[in-house]
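Below is one structure, written out as structure tokens, with a few remarks after it.
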2 protein chains.
Amino acid sequence: MTTRTEETGPSGAAYNAFLAVCPSLMLLDRLANKWVVLVLCALGGDAEKAPDVPAAPTALRYSELARLLSGVSQKMLTQTLRSLERDGLLTRTVVPTVPVTVTYELTDLGLSLLGVVRRLREWAQSHMDDVLAHREKYDARA
Amino acid sequence: MTTRTEETGPSGAAYNAFLAVCPSLMLLDRLANKWVVLVLCALGGDAEKAPDVPAAPTALRYSELARLLSGVSQKMLTQTLRSLERDGLLTRTVVPTVPVTVTYELTDLGLSLLGVVRRLREWAQSHMDDVLAHREKYDARA
DNA sequence: CGGAATCCTAACCGATACTG
DNA sequence: CAGTATCGGTTAGGATTCCG
């Protein structure tokens with residue numbers, strides 16, 4: 001038991017992200033990240049789809065991810081992929097062709113998180129107009 | 001039509017967070033933030049509850065928020081609250097007692113986002129052990 | 001192709017002090 | 001109580017170069 005919040009046994013539910021000392025706060029910090037959300041959504045098949053296509057999870061190459069996330073630098077992309085691999089959310093597969101081919105694919109754990117972050121991206125897109133309207137009003141009365 | 005991705009009319013769904021030029025990417029950057037998640041969850045009533053309490057949304061004072069988010073600095077808290085107010089996710093109410101009392105409460109828009117970020121925090125807490133286990137394995141083989 | 005390594009700047013963010 | 005203002009350290013993160 002390293003830094004749990006309580007001693008309720010090994011059956012989980014003992015973490016509390018509100019506590020500064022709890023590791024789940026650091027995890028939340030990792031997950032609540034623009035590039036993490038977009039990488040997961042890309043591997044979930046959400047990018048470049050017609051609105052009616054079901055968006056099935058798929059393996060993607062490094063260069064494909066770099067293209068789909070149009071604003072990302074290779075440094076941020078690599079860094080994000082490494083941390084997600086370390087946390088067990090995706091797998092990195094090197095195919096020794098020449099030149100090398102590297103593919104990334106969501107694990108079951110990553111798929112379970114995909115369901116959450118996908119809704120976050122959808123929310124951002126679908127409520128963009130509301131937010132923009134509120135901002136205008138807020139900035140106007142200042 | 002400022003920076004939409006397509007011209008599909010004024011009925012929304014035209015934003016695409018994968019595009020670097022799209023404002024929804026910036027919005028996602030705002031929302032995908034540790035303190036945003038925790039402030040919303042706190043105002044959603046998720047903090048300091050017994051596991052079986054339903055967690056109903058509630059108005060909170062500045063000092064209460066500061067106490068619930070144990071690791072936050074007043075600067076980050078104020079900054080987070082301001083941006084959320086500007087985006088129309090919460091309301092700031094000043095009661096002219098002496099000394100002043102300021103309460104924050106989620107708007108309907110904020111409540112709809114609460115449903116999303118709440119799941120993100122829950123995921124982080126409930127899958128903490130899985131992630132920790134993967135990290136150990138990853139670090140061991142390096 | 002898929003990175004790693006280096007440099008460098010901008011921003012984030014905490015600590016402190018002050019205000020209505 | 002609920003902030004604002006300022007300062008300064010740390011880091012995020014872009015640009016560039018090089019490697020297997």
Side-chain angles (χ1 to χ4, degrees), chain A residues 19-21 25-39 42-43 58-87 90-105 138-139 141-142, chain B residues 17 19-21 25-39 42-43 58-86 90-105 138-139 141-142:
Chain A
L19 298 174
V21 294
L25 179 63
M26 294 195 302
L27 179 58
L28 183 61
D29 204 17
R30 284 289 171 108
L31 302 181
N33 171 308
K34 177 176 55 172
W35 298 126
V36 167
V37 171
L38 288 181
V39 164
L43 292 176
T58 168
L60 289 177
R61 299 180 57 174
Y62 183 87
S63 50
E64 294 176 311
L65 283 168
R67 180 177 49 82
L68 291 174
L69 280 62
S70 61
V72 74
S73 67
Q74 81 283 41
K75 182 179 177 175
M76 276 304 96
L77 181 55
T78 300
Q79 187 177 104
T80 302
L81 290 170
R82 285 291 178 282
S83 77
L84 291 178
E85 183 195 4
R86 188 169 104 102
D87 291 352
L90 54 79
T91 58
R92 177 177 180 267
T93 309
V94 181
V95 183
T97 55
V98 47
V100 219
T101 303
V102 181
T103 61
Y104 295 89
E105 190 166 17
Y138 184 93
D139 296 343
R141 63 94 229 187
Chain B
L19 299 174
V21 294
L25 178 63
M26 294 194 302
L27 179 58
L28 183 60
D29 205 17
R30 282 287 171 105
L31 303 180
N33 171 308
K34 178 176 51 171
W35 298 125
V36 167
V37 172
L38 288 181
V39 165
L43 291 175
T58 169
L60 289 176
R61 300 179 56 175
Y62 183 88
S63 51
E64 294 176 311
L65 282 168
R67 182 177 47 82
L68 291 174
L69 280 61
S70 60
V72 76
S73 67
Q74 81 284 39
K75 180 177 180 177
M76 276 304 94
L77 180 56
T78 299
Q79 184 178 313
T80 303
L81 290 169
R82 285 291 178 280
S83 77
L84 291 177
E85 183 195 5
R86 187 169 105 101
L90 54 80
T91 59
R92 176 177 181 269
T93 309
V94 181
V95 183
T97 54
V98 48
V100 255
T101 303
V102 181
T103 61
Y104 295 89
E105 189 167 17
Y138 184 91
D139 295 344
R141 63 92 229 185

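Quick note on labels: first sequence line is chain A, next is B, and so on, each numbered from 1. Heavy atoms only: backbone and side chains are in, while hydrogens, waters and symmetry mates are out.
The distance from atom CG of A/Leu77 to atom CH2 of A/Trp35, rounded to the nearest 0.5 Å, is 9.0 Å. Taken from NZ in B/Lys34 to CG in A/Leu28, the straight-line distance is 8.0 Å, to the nearest 0.5 Å. The structure places CG of A/Leu65 at 5.0 Å from CG of A/Leu43, a figure rounded to the nearest 0.5 Å.
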Generate the contact string for nucleotides 12-19 of chain C. Rules: B means base contact, S means sugar-phosphate contact only, - means no protein heavy atom under 4.0 Å.
-BBBB---

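Remark: A/Arg61 is in phosphate contact with C/dG2, judged by side-chain N or O atoms under 4.0 Å from OP1 or OP2. Distances shorter than 4.0 Å separate none of the side-chain N or O atoms of A/Tyr62 from OP1 or OP2 on C/dA4. OP1 or OP2 of D/dA2 has at least one side-chain nitrogen or oxygen of B/Ser63 nearer than 4.0 Å. For C/dG3, one of the phosphate oxygens OP1 or OP2 lies less than 4.0 angstrom from a side-chain nitrogen or oxygen of A/Arg92.
At a threshold of 4.0 angstrom between heavy atoms, the contacts of B/Val100 include nucleobase atoms, whether or not backbone atoms are also involved.
Within the structure, the salt bridge (Lys or Arg N to Asp or Glu O under 4.0 Å) test picks out the following pairs touching residues 64-74 of chain B (sequence neighbours left out): B/Glu48-B/Arg67. Screening residues 68-84 of chain A for side chain to side chain donor-acceptor pair (under 3.5 Å), with sequence neighbours left out, gives A/Tyr62-A/Thr78.
Around the CZ atom of A/Arg30, the shell of radius 6.0 Å holds no more than 12 heavy atoms that belong to other residues, nucleotides or ligands.
Rounded to an integer number of Å, the gap from B/Leu60 CG to D/dC1 P is 15 Å. Protein atom CG of A/Leu65 is 9 Å distant from nucleotide atom P of C/dG2, rounded to whole Å. The CZ atom of A/Arg30 sits 12 Å away from the C1' atom of D/dA12 (whole-angstrom rounding).
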